[in-house]
A.B. asks: 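Here's a structure for you.
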Protein chains: 2
Amino acid sequence: MSGGKNTGTSKAERYIQPSLLMALLSGASYGYELLQRLPDFGFFREDVPPGMIYRHLRQMEEEELVISRWEAEGSGPAKRVYEVTPAGREVLEAWIGHMENRMRKLQDFVALYRSRTATHTADHCGGKDSER
Amino acid sequence: MSGGKNTGTSKAERYIQPSLLMALLSGASYGYELLQRLPDFGFFREDVPPGMIYRHLRQMEEEELVISRWEAEGSGPAKRVYEVTPAGREVLEAWIGHMENRMRKLQDFVALYRSRTATHTADHCGGKDSER
DNA sequence: TTGACATATATCCTTAAAGAACATATATAC
DNA sequence: GTATATATGTTCTTTAAGGATATATGTCAA
């Protein structure tokens with residue numbers, strides 16, 4: 001087959017930025033650790049491409065959503081430890097609003113679908129919420 | 001301005017394919033009409049780039065999610081009228097499942113945010129599962 | 001002490017999708 | 001017959017994700 005037929009589940013939005021901000025909300029962290037914590041937020045599969053994380057962290061620092069400092073203490077090579085700024089918190093808050101808005105739209109869409117595909121075989125069309 | 005600072009609301013997923021399938025669910029239609037109906041589903045702004053719609057319709061036909069026929073009746077130029085196929089219905093159903101899944105993840109994320117930013121000014125820090 | 005391995009960060013390249021501009025064709029009204 | 005609204009289609013550019021790879025450093029064992 002040449003096509004491939006991606007049935008239904010195409011590439012979804014990753015929400016990388018809000019996930020990173022959320023992770024940093026509970027305390028400073030660094031790229032390598034964030035790599036392992038990010039999947040917990042639900043928007044990633046198990047393996048997160050490292051380049052993407054570092055790229056985003058840099059970009060976020062440029063936008064002053066986070067600040068970084070080098071930390072040489074501890075074992076292993078030095079880490080660049082990031083911390084979220086007040087501006088970062090605001091942006092995360094905005095992301096939350098954006099997500100709630102998105103949730104509402106998804107809910108409306110699903111509800112519309114349900115109402116349009118409701119089984120019309122019953123003798124009466126009583127409630128529209130006869131689902132499991 | 002050099003930076004740009006896209007604060008919080010970056011480019012969101014458009015859900016073009018499910019929107020098109022949904023629109024066709026209630027009856028056959030064609031590109032030019034769909035252009036005007038798509039914003040009703042909430043995932044588009046007012047103006048939908050026409051090229052995008054035709055591109056998607058074509059691709060969906062190649063995947064056999066829709067079928068088209070030329071219709072010369074009526075006024076104006078001939079229209080390519082699309083109809084959703086059984087396979088298309090299945091894919092829409094899959095999209096709905098995907099959306100519900102996404103909704104759940106968004107809900108979890110927002111709930112997590114709320115729990116982490118809850119005002120800690122209260123006199124006790126009870127359990128970690130004090131969610132409503 | 002040196003070689004292997006885990007940790008940690010950074011850069012580059014390719015691909016896929018969106019966005020936008022542009023091109024084509026036809027029927028109808030004037 | 002010419003202008004305009006309808007209708008479809010193509011092409012180009014930009015952007016972000018995904019993936020591969022490069023670099024550097026500390027730890028541990030032989």
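Order of the sequence lines sets the chain letters (A, B, ...), proteins ahead of strands, with each chain counted from 1.
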A.B. asks: Over how many whole Å does the gap from B:Glu71 atom CD to C:dA27 atom P extend?
C.D. replies: 14 Å

A.B. asks: So which of B:Met99, B:Glu100, B:His98 actually passes side chain to side chain contact (heavy atoms under 4.5 Å, CB included) with A:Leu106?
C.D. replies: B:Met99

A.B. asks: For A:Leu92 and A:Pro18, which heavy atoms make the closest approach, and how far apart are they?
C.D. replies: CD1-O, 3.8 Å

A.B. asks: Nearest-nucleotide wise, let me know which of A:Lys79 and B:Phe44 is further upstream toward the 5' end of DNA chain C.
C.D. replies: A:Lys79

A.B. asks: Salt bridge (charged side-chain N to carboxylate O under 4.0 Å, His left out) between B:Arg89 and B:Glu93: does it pass, once the steps are laid out?
C.D. replies: CA-CA 6 Å; B:Arg89 284 170 213 274; B:Glu93 179 81 36; over 6 Å; no

A.B. asks: From the set C:dA18, C:dA10, D:dT8, return the single nucleotide nearest to any side-chain atom of B:Ile16.
C.D. replies: C:dA18

A.B. asks: In whole angstrom, give the distance that lies between atom CD1 of A:Ile53 and atom P of D:dA17.
C.D. replies: 10 Å

A.B. asks: Could you give the distance from OG (A:Ser29) to CZ (A:Arg80), rounded to the nearest 0.5 Å?
C.D. replies: 14.0 Å

A.B. asks: For C:dA17 and B:His56 - does any side-chain N or O of the residue sit under 4.0 Å from the phosphate oxygens OP1/OP2?
C.D. replies: no

A.B. asks: Test side-chain contact (heavy atoms from CB on, under 4.5 Å) on B:Ile96 and A:Phe109 and set out the steps.
C.D. replies: CA-CA 8 Å; B:Ile96 294 295; A:Phe109 191 90; 3.9 Å; yes

A.B. asks: In whole Å, I'd like the distance from the CZ atom of A:Arg55 to the C1' atom of D:dG19.
C.D. replies: 10 Å

A.B. asks: Send over the distance from A:Arg14 CZ to C:dA16 P, rounded to a whole Å.
C.D. replies: 16 Å

A.B. asks: Between C:dA17 atom P and B:Gln59 atom CD, what is the distance in whole Å?
C.D. replies: 7 Å

A.B. asks: In whole angstrom, what separates A:Leu57's CG from C:dT11's C1'?
C.D. replies: 15 Å

A.B. asks: Can you check whether A:Leu25 reaches A:Leu21 side chain to side chain, under 4.5 Å on heavy atoms?
C.D. replies: no

A.B. asks: Under a 4.5 Å cut-off applied to non-hydrogen side-chain atoms, are A:Phe41 and A:Met22 in contact?
C.D. replies: yes

A.B. asks: Pick base, sugar-phosphate or nothing for A:Arg58, based on heavy-atom distances below 4.0 Å to the nucleic acid.
C.D. replies: sugar-phosphate

A.B. asks: Can you label the angle between the A:Tyr15 ring and the A:Phe43 ring as parallel, tilted or perpendicular, going by 30° and 60°?
C.D. replies: tilted

A.B. asks: Could I get the full list of ring pair (Phe, Tyr, Trp, His ring centres under 6.0 Å) partners for B:Tyr54, not counting sequence neighbours?
C.D. replies: none

A.B. asks: Which of these nucleotides, C:dA10, D:dG19, C:dA18, is closest to any side-chain atom of A:Pro49?
C.D. replies: D:dG19

A.B. asks: Specify the residues of residues 22-41 of chain A, ordered by number, for which at least one heavy atom lies under 4.0 angstrom from an atom of DNA chain C.
C.D. replies: A:Tyr30, A:Gly31, A:Tyr32

A.B. asks: Check the distance between D:dA17's P and A:Leu20's CG and give it to me in whole angstrom.
C.D. replies: 11 Å

A.B. asks: For A:Met52 and D:dT15, give me the distance from atom CE to atom C1', rounded to whole Å.
C.D. replies: 12 Å

A.B. asks: Once each nucleotide of nucleotides 24-30 of chain D is scored for protein heavy atoms under 4.0 Å, what B/S/- sequence comes out, 5' to 3'?
C.D. replies: -BS----

